There are 2 protein chains.
Amino acid sequence: MNNRQPVYLKLFETIAHAILDGKYQDGDLLPSVRSFASEQGANPLTVAKAYQLFQDRGLVTVRRGVGLFVADGAVQKLKADERQNFIDNIWPDVDKHMRRIGISAADLMKSET
Amino acid sequence: MNNRQPVYLKLFETIAHAILDGKYQDGDLLPSVRSFASEQGANPLTVAKAYQLFQDRGLVTVRRGVGLFVADGAVQKLKADERQNFIDNIWPDVDKHMRRIGISAADLMKSET
DNA sequence: CCTACTGTATTATGCCACTCATGCAGCATG
DNA sequence: CATGCTGCATGAGTGGCATAATACAGTAGG
């Protein structure tokens, strides 16, 4: 029903994960709008919209005519932001949901690794 | 991040939570489409759409002209469905996200009551 | 300078999920 | 039968998203 996460948000996550996983580090050049678009089978403007989100957060610096670069301290900042967002917004809901259906975090840890 | 959750899904969750919390039990009459709509400040058809999801899952029985009733075994079935959905769909994503940002389930359990 | 690459602004168009207003159909009660 | 409640089918409007076709601005390298 709701497979409908917008493409530009999926692209944002794809990039964010690549950064968090260390594929791109501070100062690295990100794929160009057009190349990443063709690589992902998306429209360049949709990619630009995803990149815009990084700019809004100050995670990339634009060198017009050259490309987009991971800003200084962006990796750390992105990770910190994601952690804070998880603790403040995501986990409370997940925790509530778990309590409601009677699953504890301890239960889940047993069936891991 | 997602304020974009449709109203009818929020309403579905509201009802589901009420059932899981024991407010409505097997055989109980659910609020009518119109009364629940005015109570929630929503459109009756949006409420109907939420109720439709329960019908699709066989969780309610319809008595046209009378109302919607919680089906026999619905409470148990809903709980089982929610658990399965959590384990299959929700938790894997949450777990992946946690690993990526370096938070373990053990970390979260420390800061809980 | 010229070419080829960068990001970006503009405008237009099609699409689809969501929401809602209206009206109809079924049942209980007096 | 009449009233007043139920759920529900139909159709229309809205807004966000994605795409497209251009065009422009900035930079690097031959």
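Proteins get letters first, then strands, A, B, ... in listed order; numbering begins at 1 in each. A quick note: this is a predicted structure, and the numbers were derived from the prediction, not measured.
D:dA28 atom P lies 12 Å from atom CG of A:Leu29, rounded to whole Å. One can place CZ of B:Phe69 at 11 Å from P of D:dT6, the figure rounded to the nearest angstrom. Put simply, CG on A:Leu9 is 14 Å from P on D:dG16, counting in whole angstrom units. Here the C1' atom of nucleotide D:dC8 and the CG atom of B:Asp56 are 13 Å apart, to the nearest Å. Rounded to whole Å, the distance from CZ on B:Phe36 to C1' on D:dT6 is 16 Å. Remark: P of C:dC20 and CG of B:Asn43 are 4 Å apart, rounded to the nearest angstrom. Distance A:Asp28 CG to C:dT6 P: 17 Å, rounded to the nearest Å. Distance, B:Gln5 CD to C:dT19 P: 10 Å, rounded to whole Å.
Between B:Tyr8 and C:dC18 there is a side-chain N or O to OP1 or OP2 distance below 4.0 Å. OP1 or OP2 of D:dC17 has at least one side-chain nitrogen or oxygen of B:Arg4 nearer than 4.0 Å. Listed pair A:Ser32 / C:dC5 fails the phosphate criterion, with no side-chain N or O lying under 4.0 Å from OP1 or OP2. At the phosphate of D:dC17, neither OP1 nor OP2 sits under 4.0 Å from any side-chain N or O atom of A:Thr46. Considering only side-chain N and O atoms, B:Tyr51 lies nowhere under 4.0 angstrom from the phosphate OP1 or OP2 of D:dG7. Phosphate contact (OP1/OP2 of C:dT8, side-chain N/O of A:Gln55, threshold under 4.0 Å): present.
Side chain of B:Asn43 to main chain of B:Leu45: a donor-acceptor pair is present (N/O by atom type, distance under 3.5 Å, no hydrogens or angles). Side chain of A:Asp107 to backbone of A:Ser104: a donor-acceptor contact under 3.5 angstrom is found. Side chain of A:Arg63 to main chain of A:Phe69: no donor-acceptor pair is present (N/O by atom type, distance under 3.5 Å, no hydrogens or angles).
Along DNA chain D, the nucleotide nearest B:Pro31 and the nucleotide nearest A:Gly41 are compared for position; the residue whose nucleotide lies closer to the 5' end is B:Pro31. Nearest-nucleotide positions on DNA chain C for A:Leu45 and A:Ser35 put A:Ser35 closer to the 5' end. Place B:Val66 and A:Pro44 on DNA chain D by their nearest nucleotides, and B:Val66 ends up nearer the 5' end.
Here B:Arg34 lies in heavy-atom contact (under 4.0 Å) with a base.
B:Asp81 pairs with exactly one of B:Lys77, B:Arg83, B:Gln84, B:Lys79 by the side chain to side chain donor-acceptor pair (under 3.5 Å) rule, that one being B:Lys77.
Closest approach of A:Pro92 and A:Ile87 over heavy atoms only: CD-O, 3.2 Å.
Listed candidates were D:dC8, C:dC18, D:dA25. Nearest to the side chain of B:Arg64 is D:dC8. You'll find that the side chain of B:Leu68 is closest to D:dG7, out of D:dC17, D:dG7, D:dT27.
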